[in-house]
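Working notes, beginning with the structure itself.
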There are 4 protein chains.
Amino acid sequence: MIRFTNDYSEGCHPAVLAAIAAANTEGNFGYGTDPHCEHAQALIREAIGAPDADVHFLVGGTQVNATAICAFLRPHQAVLTSRLGHVCGHETGAVEATGHKCVALPCGPDAKLLPGAIREAVAAHPNEHNVQPKLVYISNTTETGAVYTGEELRALRAVCSELGLYLYLDGARLASALAAGGAGLAECAALCDAFTIGGTKNGALFGEALCILNDALKPDFRYILKQRGGMLAKGFLLGIQYEALMQDGLYEQLGRRSTALALRLRDGMRALGVPFACESPSNQQFPILPNAVLDRLRGRFHWEEMGPRAGDAAEIRLVTSWATEDSAVDAFLQALAQALAGQG
Amino acid sequence: MIRFTNDYSEGCHPAVLAAIAAANTEGNFGYGTDPHCEHAQALIREAIGAPDADVHFLVGGTQVNATAICAFLRPHQAVLTSRLGHVCGHETGAVEATGHKCVALPCGPDAKLLPGAIREAVAAHPNEHNVQPKLVYISNTTETGAVYTGEELRALRAVCSELGLYLYLDGARLASALAAGGAGLAECAALCDAFTIGGTKNGALFGEALCILNDALKPDFRYILKQRGGMLAKGFLLGIQYEALMQDGLYEQLGRRSTALALRLRDGMRALGVPFACESPSNQQFPILPNAVLDRLRGRFHWEEMGPRAGDAAEIRLVTSWATEDSAVDAFLQALAQALAGQG
Amino acid sequence: MIRFTNDYSEGCHPAVLAAIAAANTEGNFGYGTDPHCEHAQALIREAIGAPDADVHFLVGGTQVNATAICAFLRPHQAVLTSRLGHVCGHETGAVEATGHKCVALPCGPDAKLLPGAIREAVAAHPNEHNVQPKLVYISNTTETGAVYTGEELRALRAVCSELGLYLYLDGARLASALAAGGAGLAECAALCDAFTIGGTKNGALFGEALCILNDALKPDFRYILKQRGGMLAKGFLLGIQYEALMQDGLYEQLGRRSTALALRLRDGMRALGVPFACESPSNQQFPILPNAVLDRLRGRFHWEEMGPRAGDAAEIRLVTSWATEDSAVDAFLQALAQALAGQG
Amino acid sequence: MIRFTNDYSEGCHPAVLAAIAAANTEGNFGYGTDPHCEHAQALIREAIGAPDADVHFLVGGTQVNATAICAFLRPHQAVLTSRLGHVCGHETGAVEATGHKCVALPCGPDAKLLPGAIREAVAAHPNEHNVQPKLVYISNTTETGAVYTGEELRALRAVCSELGLYLYLDGARLASALAAGGAGLAECAALCDAFTIGGTKNGALFGEALCILNDALKPDFRYILKQRGGMLAKGFLLGIQYEALMQDGLYEQLGRRSTALALRLRDGMRALGVPFACESPSNQQFPILPNAVLDRLRGRFHWEEMGPRAGDAAEIRLVTSWATEDSAVDAFLQALAQALAGQG
């Protein structure tokens, strides 16, 4: 079985595993107050060009989003997100469970939130009978693989600053965004109030690094981290992993690799005439394939089903990761070519 | 100034005030454990034909909605509401503040939630990565004055039963719904898991009566009522008011009155050729009038602005209540006719 | 039946009822944005000597406490209260339901929180593995009728300022505290970050006025008020009542009256040799009486049982209010004298 | 530096690390729906003798406690815990952040909750003006190293059943409790409504296994798990670790080892005349040592400070783990003997 199911099917990059193994018998203080975390934080501050950033390590994506949002907002304040935003539909109401409404805004198939939609949402919430929009949630890449460029991020920053909103960027797949022409790390740090550098989907066993840039959002974050169950007892495990990822450019290298494989998949499928549900320059691809073709591929390959589409076809999601092998891409394209030919 | 601003601009019906005054020096036990509350509960159980209903009295609408929903749901369960539902946009995230997501569903200008939209929403939330739809929120009348008939309510009940959902009806304006051909009190009791009989907007100083029909939702409600600040120390004030309203048909009589006045307004405006943003058979009317006309009426009449509409016009809301005088309707229609003529 | 059950058994003072009746057919804007509320707010600002105070009107005591606390605190911050504090044991976890821990501190039978206990509690919560103490909750009078003097309040203010804590005073029975030598209105305003002026137990039908003095706690309070169900649609009802109470010294006059009656009860019982569970100079008294005596009084008088005490006796609570008649006190003392004699 | 700081200073047992490494390039489905988790769940069901138990894997202790409690309780229900319970003082109000009050009950220095205290607490919360006690939280071992035997657990079960309470056992240090004569795994499963088998402090990199025995508490737990950020994307990492721990008795073997080392420390200190703050048969020891002695040991050994004690002394906590070496115990006892002698 060759898996394009997601980018968290395997453990971690060998360099990360080696680092964990090497430190296994070390004694370290708990809760992220150890030298590995300090070093990893320093490496991240340097990489993002923000010497004053607060950097916190959490285990998972839903956890970091809900913890950050609940730390940043007052009770009546709400999140603005595209209707396809991960916090909106795929986190079982984690944000609402902290008391805050997620306002779902219209977006196209690229799942991007546009300045105009933000402006309209703020206008539609004029007073104390409505929640108060306060934090704009975006992810890079988006749920459907699209990428915010530096220019697009600057436009969002401008509307947020004008309207008094925080800009929060969920970087669960930031490595692929970086490889696909998205806003760079320094741009994220310069333009966002807070953002995450996702490890789980890019070489770590697990881990999300939360960078807080806005001084007003920094105080007492560790209290909320602990309260919401996000403070790992063996916090050094997160420090060790981010040390490995942030050294010698491994993080960005893995993102380039997963992205290149995805583009090879995309271009190969395009050459075979396959249409896509949305344009994606990153490590998730959303082709639309005839059900008969999918039936021939099933069993040998695995993917996520996105739902039926017109013409006895279906949209699927193919995801590549640091762990995807070149041969997997070759095998898929070859099998697809045969399946398509067999169908004709 | 003649007010069509809303249906809570005045105090209460004289009979209600007289009842409060008559009981003013009585000594009563606190927290709704007094004979007035018991009597009012008995009158309501009789009126709705549900001898086993639990009836609780709360002060306000946002309060009763949030308290009931938070009492009825487990943490991962969500509310389905039309995108125009009151809980969705006009209660400052009160439901989300109790931890539950409100899923906003598409609806037409009548703000009604249709069985198909419910079915689609449940299908779109298939597993533990999504919130679990569990409670359908509707209001009768709707935010835009439309009315669910008994037949429509039965259709909603059917889809709720099929999908394992609770049906909750917010009756803040139930009196006008009853007068306008909406599902009757006994139908509400037979078809809903819980519903409210609104007093604030129909003759009471304040008060909403929550009727819980589903036995599974009854236990320990008074704990939640107290915890959420909804248990009035002088609960007898609510009992006294509902005694007055539920005796001799006063509640329904006031609803008929406010509704008849609104229909007179509607028909008068129609006769003058005024278009409406939505059809309403109840005590809220949403005409669209040229701004020049509105300018001539402003100062003498008061209404709520709903927003600009095409053709240098605006949609406004006119609301009648038990306290609206016949002469107010006459005066408005006369002034409108003059203003329209003057404009021509 | 003569009731000493509590101070919310009756409706409201005749002057308050008259004011409500007089304004019954007025048209007023909703949600506390009307001239009555504005006037009442101005009267309160003048009475407390704080022209910049924000004043909000809520319906009930649990509601105002939970709403204010949840508006003032960040998620990891906690309330310090004496173990007998009302928020701690008698509000069904309303504060915890907003996410905040109430830390119960030791106190004597007077239920007073002392600066030393606050200091120790802060020392016992040193870091992010504990909640962060941030708000000190006291009530004047306390749960057991004791009173904080101006000097005692200054001492609490000093420790709060030193430790970076907010001082919040629940004035549900402030009128009796004022009459019993407690800190005055201007002292409350000068020393507290926020406090309430309770109406429910002192002449109003219902109502608590929340005064916010600390500028940092003022922004957006009306959003939280609405979200937590505390914004009354007919807010003018609260304004009208506080206008009546704050004019011509009615509020303080009613507090003097209820307190004087309680002291007459106390002194009469003392003269009969009755012991008390705690010293109270205010409108609640806690005598300890033999069960045989209580049996003779029961049926003619009503009180709250506080629990059995040594020697086949019980502690009871007797409460007087603006509505208590002089003759009720006379009758009780006379009956008690007979019951005690009959017992001998 | 020799560390007795805690039992989570090192990574994981070599067998666990080997298992993680061996599976590193496997492809597995996400979110705990993989064969490793299924196998580990089966091993746990067998070990606890409960074929129908639901077993869920979470990352950390605060997380599992808060998630389980919030899944099990309705909004008005509260947790009963000893005043020294971990949820009460060391989790930054995580339980309160889900809306539930933790009622802190008196206990001795062993931190154990006794049936009598539970009974008194329930009696002290008689009605809807109080929270409703519903879940009893204990940990085995307790915060101070004491152990509930099977008999003691049966007594708690009896009072819980009588009063309609859930019994929840936090087994963060269950392995040491098992080794120290505590209730066995099968007893935990037979007597508790839910309990955890802690991995973080006994050989795993991280992980807590939650066993739910009460059928009423099982439905939809995975929704809450996801919502509260406790569903690990690479859930298989938890399955792999528990497979390793539950096979060939490794889990219990590691608990025996850490406990035996602690008892050697204890007996050695006792032989030197050192007093203890509390009796502990498990892997945490709480000796009281003169400050002068501690000064001589500091720098070579590390421990947690528990606070000053009479006689220029201090209480410290020494913790052993699977990773503690025999030589560390020898070195400490030898150095302590010298330090004590040097002091005399």
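We name chains A, B, ... by the order of the sequence lines, and we start the count at 1 in each one.
With hydrogens and angles disregarded, no donor-acceptor distance shorter than 3.5 Å links the side chain of B:N24 to the backbone of C:L17. Put simply, the side chain of B:K234 never gets that close to the backbone of C:S9: no donor and acceptor are under 3.5 Å apart.
Of the two parts of B:I20, only the side chain, counted from C-beta on, holds a non-hydrogen atom closer than 4.5 Å to a non-hydrogen atom of chain C. Of the atoms belonging to B:A21, heavy atoms from both backbone and side chain fall under 4.5 Å from chain C. Proximity to chain C (any heavy atom under 4.5 Å) is restricted, for B:A204, to the backbone atoms N, CA, C and O. Only the backbone of C:T25 comes within contact range of chain B, judged by heavy atoms closer than 4.5 Å. If you measure heavy-atom distances from C:I2 to chain B, you find no contacts under 4.5 Å at all.
When each of B:L58, B:T62, B:N28 is checked for heavy-atom pairs under 4.5 Å with chain C, B:N28 comes out on top. Each of B:E91, B:E26, B:K201, B:E96 has some count of heavy-atom pairs under 4.5 Å with chain C, and the biggest count is that of B:E26. Annotation: maximal heavy-atom pairing with chain B below 4.5 Å, among C:I240, C:T98, C:T200, occurs at C:T200. Each of B:G60, B:A94, B:G27 has some count of heavy-atom pairs under 4.5 Å with chain C, and the biggest count is that of B:G27. Here B:G93 is the residue among B:G93, B:A323, B:G30 with the most heavy-atom pairs under 4.5 Å with chain C. Considering only heavy-atom pairs separated by less than 4.5 Å from chain B, the leading option among C:H302, C:R3, C:Q63 is C:R3.
Scanning residues 220-233 of chain B against chain C with a 4.5 Å non-hydrogen threshold yields B:Y223, B:K226, B:Q227, B:R228, B:G229, B:L232, B:A233, sorted by number.
Shown here for B:F236 and C:E10, the closest heavy-atom pair between the two residues is CZ-O, 3.5 Å.
B:F29 and C:Y8 have their aromatic ring centers separated by at least 6.0 angstrom.
With a 6.0 Å radius and a threshold of 12 heavy atoms from other residues, nucleotides or ligands, C:E38 has its CD atom above the threshold.
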